[in-house]
Amino acid sequence: LSAMIVFEEGEAYLDDQSRKTLKELSKRAQKFYRPISDIQILAWSDKEYPERSKKKGTQRDILLASERAQNIREYL
């Protein structure tokens with residue numbers, strides 16, 4: 001199962017719709033599958049995901065992506 005959370009540009013907070021999406025995902029997982037033992041969170045900033053040949057994102061991009069992932073972790 002998976003879900004996509006869309007953040008407002010430059011923001012890392014979970015809005016009501018994002019929380020609802022995560023709650024529904026959790027309910028579906030508990031209803032149809034074994035207990036959740038592993039959750040993987042992929043997050044990035046507002047810029048497109050960089051190609052392998054390019055350098056990392058800016059420090060600001062990395063921080064924004066980290067904050068987004070952390071907010072999802074804390075909610076779950």
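What's counted below: heavy atoms across the whole structure, side chains too, no hydrogens, waters or symmetry copies. One-based numbering along the sequence shown.
- Annotation: the span from K20 atom NZ to D15 atom CG amounts to 11.5 Å, rounded to 0.5 Å.
- Atom CG of residue L42 and atom CE of residue M4 lie 12.0 Å apart, to the nearest 0.5 angstrom.
- Note that the CD1 atom of I72 and the OG atom of S18 stand 7.5 Å from one another [nearest 0.5 Å].
- Taken to the nearest 0.5 Å, the CG atom of L64 stands 12.0 Å off from the CD atom of Q59.
- Criterion: ILVMFWY side-chain heavy atoms under 4.5 Å apart, direct or through other members. Under it, I62 and I41 are not part of a common hydrophobic cluster.
- Scanning all heavy atoms of the two residues, the minimum distance from A3 to L25 falls at CB-CD2, 3.8 Å.
- Listed by first then second residue, pairs satisfying salt bridge (Lys or Arg N to Asp or Glu O under 4.0 Å) with a partner in residues 58-76 read D46-R68, K47-D61, not counting sequence neighbours.
- Listed for the T21 side chain is a donor-acceptor partner under 3.5 Å among the backbone atoms of Q17.
- Taking both residues in full, the closest heavy atoms of N71 and L14 are given as O-CD1, 3.5 Å, listed atom of the first, atom of the second, then distance.
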Problem set entry | Stepwise side chain to side chain contact (heavy atoms under 4.5 Å, CB included) check, L63 with T58 | CA-CA 9 Å; L63 180 61; T58 65; over 6 Å; no

For residues 5-12, tabulate all N or O donor-acceptor pairs below 3.5 Å that involve a side-chain atom, not counting sequence neighbours.
none

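- The minimum heavy-atom distance between A65 and A43, with the atom names listed, is O-CB, 3.5 Å.
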